[in-house]
Amino acid sequence: MSIKKTILAILVSFVTFGCSKPENSPAEKPNIVIIFCDDLGYGDLTSYGHPTIKTPNLDRMVNEGMKFTNFYSGSPACTASRYALLTGRYPIRSGFGWVLVPSSPRGMHPQEITLAEGMKQAGYSTAMFGKWHLGVTKTEYMPLQNGFDEFLGLPYSNDMIPPKWKDIPLIDGNDTIEHNPDQTKLTKAYTERAVDFIKRKKNEPFFLYVPYAMPHVPLMPGDDFNNSERGKYGDVVEEIDWGVGEIMKTLKAQGIAENTLVFFTSDNGPWIIKNEQGGSSGLLRDGKGSTWEGGMRVPGIAWWPGTIKEGTIQMERASTLDLYHTAFELTGQKAPSDRTVDGRNIMPLLEGGKTEDIKPYFYYGLNNKLMAVRKGPWKLHIETYSQTGKDYFNGKLPLLFNLSIDPSEQYEVSDDNPDIVAELQQLISSHQKRVASEPNFFDR
Ligand code: MG
């Protein structure tokens with residue numbers, strides 16, 4: 001090959017597959033697995049400090065991979081957080097502020113480009129086994145119409161059951177295969193389908209999304225999981241841990257672990273108003289439904305043997321929004337440019353470096369309102385809410401915290417830092433203006 005041709009080949013490979021992994025060929029496109037818990041808190045795993053819940057497989061995932069200490073879900077609520085993960089966009093861009101109920105007329109807008117659709121464009125096989133919660137009243141809202149080749153799961157939360165709601169269906173593809181299924185069988189069923197999918201697709205690139213229904217109430221552990229010192233909550237988390245172990249074991253046994261990124265996280269913080277039935281946000285304040293840290297900062301564990309250095313603790317901020325960009329880049333694509341996609345590619349973080357500081361802030365939203373922003377260690381709340389009804393600072397607003405020094409948001413420091421307050425207020429108002437001026441897909 002002439003020097004000219006060699007240079008051209010190198011250039012083409014850079015342009016096609018991105019600069020971070022120029023050695024990738026289409027056959028080596030990595031598989032991507034996202035395991036997404038429902039209402040698992042920051043403090044609910046052994047590796048995040050829980051004293052009695054046993055999670056040996058997730059411990060191994062941490063020891064062989066990377067544990068994030070500043071990882072966020074895109075929302076403190078179920079539907080909105082799933083929207084954020086699957087579109088890479090803040091929920092405020094969709095109008096999905098909170099949760100859909102079975103009769104909600106809205107669903108995932110056809111113009112959204114889901115992560116699954118993006119992976120399909122790159123030639124991936126795609127599957128989802130678990131909870132959807134992005135619209136059910138029209139077939140076009142369902143997973144198979146949004147990029148997934150295969151789906152087994154519930155269309156909404158596992159507590160939307162009789163007598164309050166008429167029925168919860170277990171759906172395979174587009175077909176209801178059971179009404180009001182025995183939920184103690186779900187974690188096992190989703191895991192078995194995930195394992196089967198991996199075995200069937202081991203020779204082609206695949207995207208696998210496993211959004212477990214647990215540990216959302218009602219807590220329904222399988223028969224083999226009844227021994228946790230933490231009671232039923234511990235039982236369902238320990239069963240999820242078993243499921244993660246099965247998925248990792250299968251990837252290793254099929255010889256594809258070194259070509260697979262697995263990311264484990266949660267849709268939002270623990271549902272603390274459920275008392276013993278709800279989880280723990282550890283040292284963080286509050287839980288699900290709030291934009292205090294406990295509502296949105298969640299466990300985040302990345303595993304990719306040979307690519308992610310074993311036993312790394314990652315303290316840089318990252319979020320589920322970033323997984324969208326990262327997946328696009330890993331499959332030789334760019335995230336869509338005809339709309340705002342939030343987040344950024346975190347492969348540099350996963351490979352032990354830093355990300356480009358293009359978006360050095362993170363917005364916390366609730367009910368289609370911006371509530372807070374974080375930049376570096378600083379977090380400014382312009383409004384707060386808690387399902388507990390507590391107003392922790394007696395109505396004072398705005399509230400400023402240094403999350404590096406004070407992750408528990410106990411020591412309010414706005415009076416001492418007026419310049420930082422002004423800078424963060426400016427960030428919020430410019431974001432609000434931008435969101436208001438951009439086209440969205442929900443006014444149908
Ligand atoms: Mg949830």
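Order of appearance sets the numbers: ligands from 1, and atoms from 1 within every ligand.
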For this session: Enter the distance from H381:NE2 to M371:CE here, rounded to the nearest 0.5 Å.
Result: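 Rounded to the nearest 0.5 Å, the NE2-CE separation comes out at 9.0 Å.
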For this session: Among the N/O/S atoms of D39, select the one at the shortest distance from the Mg ion (ligand 1) and name it.
Result: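 Answer by atom name: OD1.
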For this session: For the Mg ion (ligand 1), find the closest N/O/S atom on D38 and give its atom name.
Result: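 Going through the N, O and S atoms of D38 one by one, OD1 ends up nearest to the Mg ion (ligand 1).
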Exercise. What is the OD1(D267)-the Mg ion (ligand 1)-OD1(N268) angle, to the nearest 10 degrees?
Worked result: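 The angle at the Mg ion (ligand 1) comes to 80°, rounded to the nearest 10°.
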Exercise. With a 4.5 Å heavy-atom cut-off, do Y141 and V136 have their side chains touching?
Worked result: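 Y141 vs V136: side chains apart.
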Exercise. Is there side-chain contact between W378 and L400, with at least one heavy-atom pair below 4.5 Å?
Worked result: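 Yes, their side chains come closer than 4.5 Å.
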Exercise. From the Mg ion (ligand 1) out to just under 2.8 Å, does an N/O/S atom of C78 turn up?
Worked result: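 Yes.
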Problem set entry | F151 ring center near F129 ring center (under 6.0 Å) |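 When the ring centroids of F151 and F129 are compared, they turn out to be at least 6.0 Å apart.
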